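Take a look at the structure below.
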Amino acid sequence: AQPKQMSFAVARSLSTYYTESHEYIRVEGDVGIIGITAHAADALGDVVFVELPAVGSEINTEEGRVWVVESVKAASDLHAPVNAEVIDVNTELEASPGLVNEAPYGSGWFIKVKMTDASKKQAESLMAEDKYAEFCENE
């Protein structure tokens with residue numbers, strides 16, 4: 001018998017963690033994919049501009065603003081959910097910032113970071129999907 005494959009939503013929920021400021025990090029092996037949640041994208045409205053950190057830069061949870069998202073409603077500073085090195089940025093967002101609204105967990109991701117044991121522990125200390133959903137309901 002063929003083993004059942006997990007659905008994307010289940011797989012995402014097992015390895016995706018959320019911050020109180022509505023960033024997510026999806027851990028895939030030694031790579032962390034960071035973006036903003038659908039809740040944040042909905043609250044922002046249509047995203048019109050994204051400023052991303054440079055590849056090779058270090059992001060830090062203590063740092064404050066790591067990148068900026070501007071929408072028709074407001075500009076928001078986004079923060080690092082973990083301490084890590086940026087290994088890739090989503091250059092598609094420069095020409096198509098609306099991807100953040102269309103697919104925040106898919107093609108609307110912001111940066112990829114190199115995960116270490118320490119950054120994986122940081123990620124695991126964030127909210128799991130069920131806790132994040134509860135957090136949003138009570139916000």
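Note that this is a predicted model, so its numbers are computed, not measured. Position 1 is the first residue of the sequence; numbering continues from there.
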- Item | Atom CD of E92 with >12 non-hydrogen neighbours under 6.0 angstrom | no
- Task: Flag yes if more than 12 heavy atoms outside D130 fall under 6.0 Å of its CG atom; otherwise flag no.
- Result: yes
Applying the 4.5 Å side-chain criterion to the ILVMFWY set and letting contacts propagate, would [X] and [Y] be lumped into a single cluster?
X	Y	value
I87	I33	yes
L52	V48	no
V113	V55	yes

Any chance you could measure [X], atom [atom1], to [Y], atom [atom2], to the nearest 0.5 Å?
X	Y	atom1	atom2	value
K121	T116	NZ	OG1	9.0 Å
H79	E62	NE2	CD	12.0 Å
K112	I34	NZ	CD1	11.5 Å
I25	W109	CD1	CH2	12.5 Å

- Among E137, H39, H22, whose side chain to side chain donor-acceptor pair (under 3.5 Å) with Y132 holds? H22
[X] vs [Y] side-chain heavy atoms within contact, under 4.5 Å:
X	Y	value
I111	I59	yes
M127	E20	yes
L44	S76	yes
V89	T91	yes

Non-hydrogen atoms of [X] and [Y] that approach each other most closely:
X	Y	value
E85	E58	CB-OE2, 3.5 Å
S71	G45	CB-O, 4.1 Å
W67	L78	NE1-CD1, 2.6 Å
Q122	N83	OE1-N, 2.8 Å
P97	F49	CB-N, 3.9 Å
P81	L126	CB-CD1, 3.8 Å

- Side chains of E23 and T19: do they bring a donor and an acceptor to under 3.5 Å? yes
- Determine, for K120 against D30, whether the closest basic-nitrogen to carboxylate-oxygen distance falls under 4.0 angstrom. yes
- Task: Determine, step by step, whether E28 and R26 satisfy the salt bridge (charged side-chain N to carboxylate O under 4.0 Å, His left out) criterion, reporting the C-alpha distance in whole Å, the side-chain angles of both residues, the deciding distance to 0.1 Å, and the verdict.
- Result: CA-CA 6 Å; E28 295 181 355; R26 183 172 64 246; 2.9 Å; yes
- Quick one: are the ring centres of Y105 and Y24 less than 6.0 Å apart? yes
- Criterion side-chain contact (heavy atoms from CB on, under 4.5 Å) against S96, the qualifying member of L93, V100, L99: L99
